[in-house]
Colleague: 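Provided herewith is a single structure, encoded as structure tokens, for subsequent inquiry.
Throughout, a chain's letter reflects where its sequence line sits, starting with A, and its residues are numbered from 1.
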Protein chains: 2
Amino acid sequence: MSQYVAQQSSLCQHCAMSGMCFDKSNTKIVSKSRSHKIFHKTDALFRAGEKFDAIYILRSGSVKASLVSGMGQEQITGFYFPGDLLGLDGFETGEHSQTLKFLETSSVCRIAYSELDAAMANSSSIRFKLLQGMSEALNLDDKFILNSHCMNASQKFASFLLNLSEKFENRGLSSHIFDLSMSRVDIANYLGMAVETVSRQLTQLQKEQTIDVNKRRISILDIQRLHDCVNGDKLLSNQFIAMPKTRMSHHAIASY
Amino acid sequence: MSQYVAQQSSLCQHCAMSGMCFDKSNTKIVSKSRSHKIFHKTDALFRAGEKFDAIYILRSGSVKASLVSGMGQEQITGFYFPGDLLGLDGFETGEHSQTLKFLETSSVCRIAYSELDAAMANSSSIRFKLLQGMSEALNLDDKFILNSHCMNASQKFASFLLNLSEKFENRGLSSHIFDLSMSRVDIANYLGMAVETVSRQLTQLQKEQTIDVNKRRISILDIQRLHDCVNGDKLLSNQFIAMPKTRMSHHAIASY
DNA sequence: CGTTCATTTGAACATGCTCAATTCCTGTGG
DNA sequence: CCACAGGAATTGAGCATGTTCAAATGAACG
């Protein structure tokens with residue numbers, strides 16, 4: 001029996017849907033083999049408008065999800081990492097509304113909708129896991145909207161780095177040294193700012209010795225400083241200072 | 001039997017989960033009675049941090065959903081209208097992450113999670129409807145992020161009005177005359193701009209005879225004009241004019 | 001009525017965008 | 001291996017949008 005355990009690849013350890021592949025005791029593979037597939041940088045898992053018939057779990061690598069506006073503007077709505085669920089946008093209309101492009105060589109695990117539906121019929125925990133995954137995606141989006149509206153450029157950028165750091169840590173990777181799989185343009189697009197602004201944030205943080213930047217490799221030197229940035233303490237001591245009447249604006253805090 | 005049909009209140013006609021209350025033929029109530037409840041303006045359906053044990057369907061009235069940032073900033077993430085699913089944020093952690101406040105006297109239909117789970121176990125169509133509802137919420141958020149990042153103030157505001165108009169139309173109400181149940185401050189917060197900017201957008205559109213504003217009552221006089229605004233044609237004729245190299249920015253178009 | 005809150009309006013200023021030019025990589029082919 | 005081309009990233013300077021601040025007006029409610 002132990003050889004079956006071995007088949008629970010390390011790639012599966014953070015999978016949201018591991019319950020579909022392993023029984024509760026996690027000692028045995030219970031269901032059909034999943035269909036795994038490798039993709040390369042710039043490949044698309046699917047594009048907006050394509051038929052939806054499966055969800056996917058990212059096993060390795062990274063992906064960006066994007067939308068195009070009526071005017072042809074692309075907007076990146078998220079970056080995804082191993083263990084994340086992909087394709088949840090497709091349930092609404094039966095067509096995907098997003099386009100998912102790989103940022104590096106990656107592998108995904110495909111779960112056909114028919115298979116998913118059958119699993120949901122049988123297992124309350126599978127039902128819950130999927131709802132949980134979708135709820136998480138929803139809450140992430142909402143937090144992102146909050147940040148988009150309440151933060152200025154440096155706050156948003158610091159928040160972005162900390163989010164990445166946390167994601168890597170949760171996946172057992174280094175939280176303070178990591179490579180960005182996305183370009184500066186992608187980051188700018190995602191955060192809703194100009195590329196030039198992203199670049200300036202990087203150089204600024206490097207000058208301050210908060211991070212070290214080498215090409216796409218980021219080393220976080222002072223994580224507390226990043227947290228302070230998020231809170232808007234660009235130049236303040238760590239002492240509490242009475243805030244001005246807090247309006248909704250991005251600039252309320254930055255004006256110090 | 002016809003008296004049972006009568007119990008399918010007109011409030012239920014747009015309900016996303018109507019499948020839980022009526023069988024396929026829609027001629028007979030099949031399940032336990034739902035628990036309906038009336039709320040008043042400023043009441044909260046639930047607050048961030050409260051235990052999640054049910055989802056809700058708005059039967060009448062309107063609600064705003066909001067999040068609070070670490071710094072106490074409130075961010076409205078959405079407005080909801082009859083037929084909309086509420087409480088989907090709670091699956092992630094078992095606690096609500098949002099706060100839902102009523103904007104006017106409203107009624108909701110409560111579906112306990114246990115009941116929902118049982119219904120999902122039995123019915124593929126219920127499973128699908130719920131996933132569809134969550135997927136729709138997700139896509140809405142993503143489109144909103146796109147708009148937030150790609151549009152300037154007047155585009156965002158015109159888009160907001162058109163979205164409302166469409167929502168009212170889908171619910172059988174007038175698409176060109178309606179009352180805003182939310183304050184200017186709420187609108188500003190939602191759209192990520194200052195109240196003053198919202199006010200200026202309103203007066204601007206009124207001056208142009210695009211809409212008529214009377215307190216919270218909006219009359220859309222020229223809906224095509226609003227669509228044009230969304231597309232950034234603030235001052236242009238309807239002829240196509242070569243756009244400048246389209247960068248991501250809000251101001252790319254507005255600079256005409 | 002008078003207090004309070006919501007909304008509007010005006011004027012100045014700041015953040016972050018646009019534009020333009022340069023530097024730095026990467027990969028490709030001679 | 002080096003030169004070159006094309007893309008990615010950086011840097012500087014001016015400017016526009018939309019915010020901030022201040023004040024006035026209007027509506028609502030006791």
Colleague: Please state how far atom CG in B/Leu191 lies from atom P in D/dG18, giving the value in whole angstrom units.
Modeller: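 Atom-to-atom, B/Leu191 to D/dG18, this comes out as 12 Å.
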Colleague: May I have the distance from B/Lys41 (atom NZ) to D/dA28 (atom P), rounded to whole angstrom?
Modeller: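 For the pair B/Lys41 NZ and D/dA28 P, the rounded distance is 10 Å.
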Colleague: To the nearest angstrom, how far is B/Arg217 atom CZ from D/dA27 atom P?
Modeller: 16 Å
Colleague: Checking the side chain of B/Gln155 only, and the main-chain atoms of B/Asn152 only, is there a donor and an acceptor separated by less than 3.5 Å?
Modeller: yes
Colleague: Treating B/Glu169 as the side-chain partner and B/Ser175 as the backbone partner, does any N or O pair qualify as donor plus acceptor under 3.5 Å?
Modeller: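 Side chain of B/Glu169 to backbone of B/Ser175, a donor-acceptor pair under 3.5 Å: no, none is there.
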Colleague: Over its full length, what angle do the end axes of the helix from C/dC1-D/dG30 to C/dG30-D/dC1 make, each axis taken from five pairs and the result rounded to 10 degrees?
Modeller: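 Overall, the helix from C/dC1-D/dG30 to C/dG30-D/dC1 bends by 40° from one end axis to the other.
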Colleague: Determine whether a donor-acceptor pair (N or O, by modelled atom type, separation under 3.5 Å) exists between the side chain of A/Ser159 and the backbone of A/Val230.
Modeller: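 Pair absent, no side-chain N/O of A/Ser159 close to backbone of A/Val230.
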Colleague: Are any protein N/O atoms closer than 3.5 Å to N/O atoms in nucleotides 7-11 of chain C? If there are, list each pair with its distance.
Modeller:
unit_1 : atom_1 : unit_2   : atom_2 : d
C/dT7  : OP2    : B/Arg184 : N      : 3.1
C/dT8  : OP1    : B/Arg184 : NH2    : 3.1
C/dT8  : OP2    : B/Arg184 : NE     : 3.0
C/dT8  : OP2    : B/Ser199 : OG     : 2.9
C/dT8  : O5'    : B/Ser199 : OG     : 2.9
C/dG10 : N7     : B/Arg200 : NH1    : 3.0
C/dG10 : O6     : B/Arg200 : NH2    : 3.4
C/dA11 : N6     : B/Arg200 : NH2    : 3.4

Colleague: So, applying side chain to side chain contact (heavy atoms under 4.5 Å, CB included) with A/Leu138, which one of B/Asp89, B/Asp141, B/Leu140, B/Thr77 is it?
Modeller: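 It is B/Asp141, the one option of B/Asp89, B/Asp141, B/Leu140, B/Thr77 that forms the side chain to side chain contact (heavy atoms under 4.5 Å, CB included) with A/Leu138.
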Colleague: For the residue pair B/His149 and A/Phe144, does the interplanar ring angle fall in the parallel (under 30°), tilted (30 to 60°) or perpendicular (over 60°) class?
Modeller: perpendicular
Colleague: When the distance from CG of A/Asn152 to P of D/dG18 is rounded to whole Å, what number comes out?
Modeller: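 Whole-Å distance recorded here is 17 Å.
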Colleague: When you look at A/Thr99 and A/Ser66, which way does the side-chain hydrogen bond (donor to acceptor under 3.5 Å, both in side chains) test go after all the steps?
Modeller: CA-CA 5 Å; A/Thr99 296; A/Ser66 62; 4.8 Å; no
Colleague: Report the C-alpha distance between B/Leu164 and B/Phe79 in whole Å, list the side-chain angles of each, state the deciding distance to 0.1 Å, and finish with yes or no for side-chain contact (heavy atoms from CB on, under 4.5 Å).
Modeller: CA-CA 10 Å; B/Leu164 281 183; B/Phe79 298 110; 5.7 Å; no
Colleague: Which residues satisfy the ring-ring contact (aromatic ring centres under 6.0 Å, His included) test with B/Phe81, sequence neighbours excluded?
Modeller: B/Phe168
Colleague: Before giving the answer on side-chain contact (heavy atoms from CB on, under 4.5 Å), spell out for B/Ile187 and B/Ile76 the whole-Å C-alpha distance, their side-chain angles and the decisive distance to 0.1 Å.
Modeller: CA-CA 9 Å; B/Ile187 298 173; B/Ile76 295 173; over 6 Å; no
Colleague: Measure the distance from CG on A/Asn214 to P on C/dC24 and round it to the nearest whole Å.
Modeller: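 Between P of C/dC24 and CG of A/Asn214: 13 Å.
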Colleague: Measure the distance from CE on A/Met151 to P on C/dT15 and round it to the nearest whole Å.
Modeller: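 Nearest whole value for this atom pair: 17 Å.
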Colleague: Roughly, in whole Å, what's the span from NZ in B/Lys156 to P in D/dT17?
Modeller: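 Rounded to whole Å, this separation is 14 Å.
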Colleague: Starting from C1' on D/dT19, measure out to NE2 on A/His149 and report it in whole angstrom.
Modeller: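 Atom-to-atom, A/His149 to D/dT19, this comes out as 15 Å.
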